[in-house]
Amino acid sequence: MSPRRTDTGGRVDRLKTIRFTFDGVPYTGHAGDTLASALLAKGVTLLGRSFKYHRPRGLLTAGVEEPNALVTVLKGEVREPNIPATMVEIHDGLVAISQNRFPSLAWDINAVNQLGGKILSAGFYYKTFMGPVFGPLKGTRFWMFCEHFIRRAAGLGSAGSAKDPARYERMNAFCDVLVVGSGPAGLMAAKAAADQGARVMLADLEPRFGGSANWSDETIDGAPAADWARRTVAQLEGRDNVRLLPRTTVWGYYDNNTLAALERVSDHKEQPAKGEPRHRYWAIRAKSVVLATGAFERPLVFPGNDRPGVMLAQAAERYANEFGVLPGERIALFTNNDSAYRVAVALKKAGAAVVAIADIRPELSPEMRKLAAEAEAEIFAGHAVVATEGGKALSGLHADCLLMSGGWSPTIHLASQAGAKAEWNAARQAFLPPKPTQKWIGAGAFTGSFSTTEAIAEGRAAGLAAAGGQSTPAVLPVVEAVPGDPDPAPVFEIRAKGKSFVDFQHDVTAEDVRLAHREGFVSVEHLKRYTTLGMATDQGKSSNVPGLAIMAEALGKPIPEVGTTRFRPPFAPVSIGSLAAERFGDLKPERLTPMHDWHLAHGATMYSAGLWYRPMIYGHAGETIEQAYVREAKATRESAGIVDVSTLGKIAVQGPDAAAFLDRVYTNMFSMLAVGKARYGLMLREDGLAFDDGTTWRLGEQDFLMTTTTANAGKVMQHLEYFLDVIWPELKVHVTSVTDEWAGAAIGGPKARQILAACVTGTAVDNAALPFMGIVNGEVAGVPVMICRLSFSGEMAFEVYCGAGHGTHVWEALVQAGEPFGLVTYGLEALGTMRIEKGHVTGAEIDGRTTARDLHLDWMLSKKKPFIGSAMMDREGLIASDRLELVGLISLDNRPLNGGAHIVEELDEANPHGSIGHITACCYSPALGKHIALALVKGGKARQGTRAHVSDPLRNRFGPVEIVSNHFFDPDGSRMHG
């Protein structure tokens with residue numbers, strides 16, 4: 001056996017040896033060990049260096065709250081930094097390295113920072129580097145000089161740049177009851193809820209269910225607590241209505257009882273099983289939640305409390321009882337509460353020599369004195385530890401391990417995230433959970449009930465309540481436990497000479513907290529940011545309350561008046577890969593229309609249009625992009641063309657006040673629109689500038705289908721929801737995004753009606769049945785479709801919509817029906833060409849700076865009603881005569897024009913200046929046989945029929961243009977309305 005591994009006891013499998021390396025040194029451990037327990041078993045006490053002072057640090061805890069022993073785990077070229085060694089399960093081949101040291105953990109050159117003293121106190125970055133003058137380095141110049149070196153020194157572990165080959169998964173789950181935490185309270189809650197027939201999920205961040213039962217040395221129903229926990233888990237495993245999630249951290253509590261969790265599926269394996277992900281992200285929607293998340297033990301603040309060998313008492317108990325590892329051979333304890341005495345007895349049973357217990361309290365109960373005698377420990381009542389000695393290990397106190405216990409802080413993070421402010425309990429000297437604002441129930445140490453008997457009773461009651469059952473008398477498991485009062489003495493700090501650490505990871509000392517007070521940072525939020533207290537990877541799990549207590553003392557106020565910061569997700573660090581899940585590696589989602597595969601199979605060149613992938617062209621062999629779109633646009637105008645318009649935003653607007661709402665949203669009237677008709681509409685922002693345009697169809701008296709531009713679909717939805725939720729909550733309207741529910745195809749051209757007539761059944765499509773802006777319902781190839789006659793190209797055109805699942809089927813039927821008529825498929829390049837020829841505006845012209853008048857859409861501004869933006873649209877600056885207005889341009893030198901190029905009155909290639917506007921969109925027009933463009937030009941309407949010049953020095957394009965109407969093609973609409 002290794003120096004600190006006990007011969008018996010613990011939950012590890014001593015028959016299975018596991019080999020791993022730490023900082024290149026080979027070690028062995030056993031199945032069930034964490035990296036922390038395996039190294040501690042080998043006598044390794046130095047595991048890290050602190051952030052700022054690079055002080056040597058060892059283990060403080062045994063769980064997720066560990067601030068000191070952070071390591072980087074290597075898997076090939078992939079490195080994951082800042083993982084607590086307490087949360088790394090060892091496996092054969094594990095490679096871990098220490099962090100924040102150079103050249104080695106034992107000899108770190110940056111440890112010289114410990115000599116910095118007050119120079120490196122809180123806020124030293126600001127005070128040291130923002131103001132001094134060193135020769136030419138004045139003020140912020142000195143900061144800019146130092147910044148490079150500061151950034152190189154910042155952080156703990158370093159992230160890798162190699163591509164992560166691991167798989168990640170995302171799961172959505174629904175349950176009646178989610179139980180978070182699997183200690184005695186959580187197990188009882190899960191069992192009680194499951195017995196009621198509820199669908200139960202039980203999640204715990206540890207690999208073993210049972211929580212404190214795995215190391216408490218208590219008995220439940222006459223058996224070791226760990227055995228009772230195993231039996232209870234086995235009962236739950238056999239239930240069809242229970243899902244068990246070990247190694248799963250529930251890290252976020254959001255609205256409507258939606259919780260986020262991370263399951264570590266294969267981190268503990270040398271190789272994942274086939275198809276097995278590394279992490280699985282769970283989005284859990286629960287009717288009720290039971291929070292049985294336990295409590296964290298707090299350290300005491302005194303000089304030298306951060307040395308390797310100084311550890312929390314409960315962590316030492318866990319190492320001894322769960323892992324069979326002694327934290328030291330000669331152990332002393334320092335406490336302000338009774339729980340340390342239970343630890344002393346447990347360590348004595350495990351084989352350690354407990355030499356002393358220093359207790360701040362002058363009066364001790366007979367029970368505690370009896371326990372101390374059982375542990376053969378000398379009691380120093382009314383005493384405190386004021387210093388420790390040693391470098392890379394504790395050597396003072398004539399002990400190699402000092403355990404401290406400063407009371408307990410319930411793990412209320414999820415409850416805080418769910419809403420409301422934590423409540424201070426003077427007896428427990430801790431913040432207890434707030435009153436629920438969502439459907440959760442607390443149990444066990446989470447509520448401040450620290451005995452296992454209370455936890456079991458509260459767990460059962462919580463499980464019954466969460467499942468909707470009635471609380472009835474029942475015979476509960478009988479617990480035999482060491483007695484003890486859970487209330488600590490209200491002492492958090494022992495003031496003496498030397499550095500006393502509050503936040504171990506960020507090197508925040510008690511004096512830093514007092515310095516923040518002296519410099520005016522008295523708000524808990526300001527204290528946090530100025531000192532960085534609680535901003536490390538452990539998020540202040542052990543340092544929060546001691547820091548607040550020291551600030552309260554400095555202010556002369558009680559702790560509840562000082563308050564506490566609200567906890568935010570995530571509870572523990574979450575891998576970015578798990579958040580991306582199956583989309584890992586993508587910078588943004590790829591949205592594909594229902595006909596995407598058909599487009600690829602038929603030669604489409606795809607490109608990104610916002611978040612969507614759409615066909616650019618359907619090129620023939622040897623064609624350039626320009627040749628392809630010219631062919632497609634020309635054929636559409638001569639016969640017919642079809643384009644995929646599934647990406648248009650589609651929003652269902654429904655309810656008794658839907659028409660009135662649309663009158664307020666759009667600049668023109670919609671309440672008078674007849675059922676079965678569509679209308680083109682324009683929206684303004686509140687400041688009077690153009691926001692979006694599109695058509696809205698009236699499908700029923702209270703049922704409208706709004707279409708938006710592809711790019712603005714999400715923004716328009718937010719716009720509508722904001723006004724319904726905040727400005728007009730009295731309106732009875734419901735808006736639903738249905739963009740993905742509909743597949744759409746637009747057929748335009750002289751023969752478009754003939755093509756529809758050849759394949760549409762159940763309705764006529766002639767002019768009488770389907771006039772301009774009319775809507776009919778019919779079928780194509782047996783699929784129900786909705787058809788609206790409207791045009792974006794200037795041709796007679798029809799938009800055909802069907803359910804997204806039938807999109808390809810209907811598309812193929814339309815294409816087949818159009819073959820005898822010369823129908824072509826066309827992409828966005830041809831679509832853009834035809835819209836420029838027609839003079840329609842898109843996002844290039846509705847760019848957040850233009851008004852309806854600038855775009856010649858003032859005919860849509862109703863004078864009969866107010867609407868969003870109507871109060872601001874007539875401001876002086878928005879009606880000025882020299883505003884940029886929409887015009888058309890024709891290249892007079894027969895050369896292509898470029899988007900973004902400036903328009904000038906006088907050409908000066910050597911010194912380009914005098915811009916009067918810019919090009920928004922351009923193309924070669926097959927209808928005109930010329931290069932044309934749309935542009936925004938000062939006083940543009942008055943300039944029609946004049947000449948100007950294009951000035952594009954970046955692309956060396958200069959030349960004459962004629963300014964004309966933006967309606968190049970079919971200005972009277974005869975083709976569209978024919």
Side-chain angles (χ1 to χ4, degrees), residues 645 648-651 653 658-674 677-698 704-724 727-728 733 735 772-773 788 790-794 797 799 835-836 838-875 877-879 883-887 920-921 934 936 940-941 965-967 971 973 976:
V645 293
L648 291 176
K650 293 172 280 292
I651 301 171
V653 183
F661 176 58
L662 291 175
D663 279 348
R664 301 183 190 187
V665 169
Y666 282 120
T667 64
N668 47 336
M669 294 287 289
F670 275 80
S671 56
M672 304 302 292
L673 182 65
K677 296 285 286 186
R679 179 167 291 166
Y680 178 58
L682 175 69
M683 296 182 193
L684 304 185
R685 300 188 321 210
E686 289 180 282
D687 58 6
L689 295 173
F691 175 45
D692 196 67
D693 68 335
T695 60
T696 290
W697 312 2
R698 191 164 198 170
F704 293 81
L705 178 64
M706 174 189 291
T707 67
T708 74
T709 57
T710 294
N712 262 3
K715 293 178 182 178
V716 170
M717 186 67 183
Q718 289 177 329
H719 181 73
L720 301 181
E721 288 179 328
Y722 168 76
F723 278 93
L724 284 175
I727 308 301
W728 303 311
V733 181
V735 292
F772 185 68
M773 288 294 185
C788 182
L790 53 86
S791 177
F792 189 66
S793 63
E799 290 188 2
R835 81 94 178 172
I836 294 170
K838 181 59 180 173
H840 280 312
V841 296
T842 63
E845 293 76 40
I846 306 178
D847 63 358
R849 297 175 293 180
T850 53
T851 69
R853 296 183 180 91
D854 299 336
L855 303 175
H856 311 309
L857 297 175
D858 43 314
W859 58 274
M860 300 180 69
L861 302 176
S862 175
K863 296 180 175 61
K864 299 179 181 180
K865 65 179 180 74
F867 48 84
I868 296 171
S870 61
M872 302 287 282
M873 69 181 185
D874 293 327
R875 287 179 291 162
L878 299 187
I879 58 174
R883 284 189 60 81
L884 299 179
E885 293 179 340
L886 183 65
V887 298
T920 60
L934 296 178
L936 292 168
K941 193 169 185 179
S965 166
N966 57 297
H967 298 299
M976 183 168 62

Least distance between heavy atoms, [X] atom then [Y] atom:
{"X": "Tyr666", "Y": "Thr707", "answer": "OH-O, 4.4 Å"}
{"X": "Val733", "Y": "Ala658", "answer": "CG2-N, 3.7 Å"}
{"X": "Phe670", "Y": "Phe704", "answer": "O-CE2, 4.2 Å"}
{"X": "Ala921", "Y": "Ile836", "answer": "CB-CD1, 3.7 Å"}

Are [X] and [Y] packed together at the side-chain level, in the sense that at least one heavy-atom pair is separated by less than 4.5 angstrom?
{"X": "Arg853", "Y": "Leu861", "result": "yes"}
{"X": "Phe867", "Y": "Met683", "result": "no"}
{"X": "Leu790", "Y": "Trp697", "result": "yes"}
{"X": "Leu886", "Y": "Leu936", "result": "yes"}
{"X": "Met706", "Y": "Leu662", "result": "yes"}
{"X": "Ile868", "Y": "Leu684", "result": "no"}
{"X": "Thr710", "Y": "Leu648", "result": "yes"}

Check whether [X] reaches the backbone of [Y] with its side chain - one donor and one acceptor, N or O, closer than 3.5 Å.
{"X": "Arg883", "Y": "Gly940", "result": "no"}
{"X": "Asp663", "Y": "Ala660", "result": "no"}
{"X": "Arg679", "Y": "Met669", "result": "yes"}

Exercise. In a check of side-chain contact (heavy atoms from CB on, under 4.5 Å) between Asn668 and each of Lys865, Met860, Lys864, which one passes?
Worked result: Met860

State the [atom1]-[atom2] distance between [X] and [Y], to the nearest 0.5 angstrom.
{"X": "Leu884", "Y": "Thr850", "atom1": "CG", "atom2": "OG1", "answer": "9.5 Å"}
{"X": "Asn966", "Y": "Lys941", "atom1": "CG", "atom2": "NZ", "answer": "9.5 Å"}
{"X": "Thr667", "Y": "Met873", "atom1": "OG1", "atom2": "CE", "answer": "8.0 Å"}
{"X": "Arg698", "Y": "Ser671", "atom1": "CZ", "atom2": "OG", "answer": "7.5 Å"}
{"X": "Leu720", "Y": "Thr708", "atom1": "CG", "atom2": "OG1", "answer": "9.0 Å"}
{"X": "Thr695", "Y": "Phe792", "atom1": "OG1", "atom2": "CZ", "answer": "11.0 Å"}

Exercise. Any salt bridge between Arg835 and Glu845, counting N to O under 4.0 Å?
Worked result: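 Looking at Glu845 together with Arg835, the answer is yes, because their closest N to O distance falls below 4.0 Å.
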
For this session: Report the C-alpha distance between Thr851 and Asp858 in whole Å, list the side-chain angles of each, state the deciding distance to 0.1 Å, and finish with yes or no for side chain to side chain contact (heavy atoms under 4.5 Å, CB included).
Result: CA-CA 9 Å; Thr851 69; Asp858 43 314; over 6 Å; no

For this session: Could you label the plane-to-plane angle of the Phe691 and His719 rings as parallel, tilted or perpendicular, counting under 30° as parallel and over 60° as perpendicular?
Result: tilted

For this session: Verify side chain to side chain contact (heavy atoms under 4.5 Å, CB included) between Asp854 and Arg849, making sure each step is shown before the conclusion.
Result: CA-CA 9 Å; Asp854 299 336; Arg849 297 175 293 180; over 6 Å; no

